[in-house]
There are 2 protein chains.
Amino acid sequence: MADLTDPQAVAWASYQRMRARLSGVLGRELAAATGLSEADFEVLVAVHERPDDTVRSLALRCGLEWEKSRLSHQLRRMEQRGLIIREACEEDSRGSAVRLTARGRELACEARKHYDAAVKRYVMDSLTPEQIAALAEISGILLDRIEVTHK
Amino acid sequence: MADLTDPQAVAWASYQRMRARLSGVLGRELAAATGLSEADFEVLVAVHERPDDTVRSLALRCGLEWEKSRLSHQLRRMEQRGLIIREACEEDSRGSAVRLTARGRELACEARKHYDAAVKRYVMDSLTPEQIAALAEISGILLDRIEVTHK
DNA sequence: CCAGATTAGTTGATGCGTCAACCTTGACGT
DNA sequence: ACGTCAAGGTTGACGCATCAACTAATCTGG
């Protein structure tokens with residue numbers, strides 16, 4: 001009772017192939033248009049959503065659901081490239097806060113436009129509203145499943 | 001005309017979150033059970049499907065749809081860990097062939113069992129046959145879309 | 001108030017993935 | 001033949017992701 005049925009195997013193979021290809025083209029287009037990686041983009045957008053373009057690292061980490069060392073490494077690289085700056089956190093002197101630079105803010109907006117357009121072009125324009133809803137539903141079910149067994 | 005509608009944005013967010021979580025869980029379980037990465041696993045399975053557990057690098061690369069340098073780096077690491085060996089290719093002296101070691105063959109089988117079971121547990125057992133078919137269909141559509149605009 | 005346990009964040013090592021540069025060998029037109 | 005070009009593969013550099021070990025500040029129980 002362990003094996004996948006044929007339609008299951010086919011579905012999994014299609015999904016895996018689609019996933020690999022889609023993230024490839026989206027990442028490449030984003031990099032070509034803005035010089036940002038998807039990781040950069042996620043961080044910039046998440047920070048830009050906050051008042052004053054500033055957020056505590058902890059909150060950012062929880063919002064992104066990233067490992068702490070992943071965020072730390074990413075922020076170091078982004079700081080070196082002048083996209084963000086890190087400042088002290090007054091509520092908790094262990095913590096730190098992240099603020100967008102002018103360049104970071106500008107790139108966040110630019111990148112969002114390009115990225116959303118690419119998602120629309122590659123994904124949304126290809127699917128019916130029913131298929132989009134189905135994708136959302138399936139994703140939600142699988143997420144629940146993972147949360148339940150890993151909490 | 002550029003922005004995503006609300007249901008589109010929700011669907012995309014769910015998909016992205018599901019994708020990240022699912023690949024995390026599957027990768028972690030595979031590593032815990034066998035010590036292999038997903039990249040290792042893909043290679044082992046692809047080679048193990050061939051007669052004599054041997055393939056030419058070129059064929060492997062086309063089957064996996066990997067960049068050539070990616071495959072080269074991956075094979076170097078796998079050779080160092082004793083999962084495969086690389087030998088000369090007689091049809092074309094530029095080329096090379098990949099053969100599983102005994103350990104590689106053993107791990108390929110072991111890993112396949114664990115991985116399929118995890119896919120079944122996390123994905124297939126959570127979805128109806130209709131949802132599985134919908135996932136396959138959606139994936140196929142998006143793949144076509146990408147192929148068309150990138151070929 | 002103090003000692004031990006938690007928590008925020010950093011660091012270093014290592015594997016993965018991409019790009020660009022490179023080397024060798026085969027293919028092809030003339 | 002031969003010169004040019006393309007293809008198979010390797011390498012080095014760099015960014016991304018995870019793990020484990022570490023530092024420093026906060027929390028908590030007594």
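Letters A, B, ... are given to chains in the order of the sequence lines, protein chains preceding strands, and every chain is numbered from 1.
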Can you check whether A/Thr128's main-chain N or O pairs, donor with acceptor, with A/Gln131's side chain at less than 3.5 Å?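 Yes; at least one donor-acceptor contact below 3.5 Å.
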
Mind checking whether [X] and [Y] have side chains closer than 4.5 Å, heavy atoms only?
X	Y	value
B/Val119	A/Leu4	yes
B/Thr54	B/Val98	no
B/Leu58	B/Lys68	no
B/Arg145	A/Asp125	yes

Residues pairing under ring pair (Phe, Tyr, Trp, His ring centres under 6.0 Å) where one sits in residues 47-80 of chain A, two or more places apart or in two chains, turn out to be none

For residues 136-144 of chain B, which side-chain N or O atoms pair as donor and acceptor with protein atoms under 3.5 Å away, sequence neighbours left out?
| from | atom 1 | to | atom 2 | distance (Å) |
| --- | --- | --- | --- | --- |
| B/Ser139 | OG | B/Leu135 | O | 2.8 |

So, B/Asp40 and B/Arg81, do they make that salt bridge, N to O below 4.0 Å?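 Counted as a salt bridge, because a side-chain N and a carboxylate O are separated by less than 4.0 Å.
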
Where along nucleotides 19-28 of chain D does protein come under 4.0 Å, by heavy atom, of base (B) or sugar-phosphate alone (S), with - for untouched nucleotides? BB----BS--

A/Tyr15 and B/Tyr15 aromatic ring geometry - parallel, tilted or perpendicular at 30°/60° bounds: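 If you compare the ring of B/Tyr15 with that of A/Tyr15, the planes turn out perpendicular.
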
Quick one, B/His114 with B/Phe41, criterion ring-ring contact (aromatic ring centres under 6.0 Å, His included). Give me CA distance, side-chain angles, the key distance, then yes/no. CA-CA 11 Å; B/His114 283 287; B/Phe41 176 60; over 10 Å; no

Please identify each residue that fulfils salt bridge (charged side-chain N to carboxylate O under 4.0 Å, His left out) with [X], with sequence neighbours left out.
X	answer
A/Arg103	none
A/Arg61	none
A/Arg121	A/Glu29
A/Arg86	A/Glu79

Does A/Gln74 make a side-chain N or O approach to OP1 or OP2 of D/dG15 shorter than 4.0 Å?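 Looking at the OP1 and OP2 atoms of D/dG15, neither is under 4.0 Å from any side-chain N or O of A/Gln74.
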
Nearest whole Å is fine: how far is [N] [atom2] from [X] [atom1]?
X	N	atom1	atom2	value
A/Leu75	D/dC16	CG	P	11 Å
B/Met78	D/dT10	CE	C1'	18 Å
B/Arg76	D/dG8	CZ	C1'	17 Å
B/Glu90	D/dG8	CD	P	16 Å
A/Trp66	D/dG15	CH2	C1'	12 Å

In residues 16-24 of chain A, which residues come under 4.0 Å of DNA chain D by heavy atom?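 Heavy-atom cutoff 4.0 Å gives no residues at all.
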
Indicate, with a heavy-atom threshold strictly under 4.0 Å, whether A/Ser37 touches base, sugar-phosphate, or nothing.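 It contacts sugar-phosphate atoms only.
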
Taking 5' to 3' order, which nucleotide of DNA chain C is first and which is last to have an atom within less than 4.0 Å of a heavy atom in chain B?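 Range of nucleotides touched by chain B: C/dG15 to C/dG26.
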
Quick check on contacts: within residues 38-63 of chain B, what sits under 4.0 Å from DNA chain C by heavy-atom distance? B/Ala39, B/Asp40

Expected list for residues 96-110 of chain A near DNA chain C, using heavy atoms below 4.0 Å, is A/Ser96

So, A/Gln80 and A/Arg77: side-chain donor and acceptor under 3.5 Å apart, yes or no? no

Which residue pairs satisfy the salt bridge (Lys or Arg N to Asp or Glu O under 4.0 Å) criterion with at least one member in residues 47-57 of chain B, sequence neighbours excluded? B/Asp52-B/Arg99, B/Asp53-B/Arg105, B/Arg56-B/Glu91, B/Arg56-B/Asp92

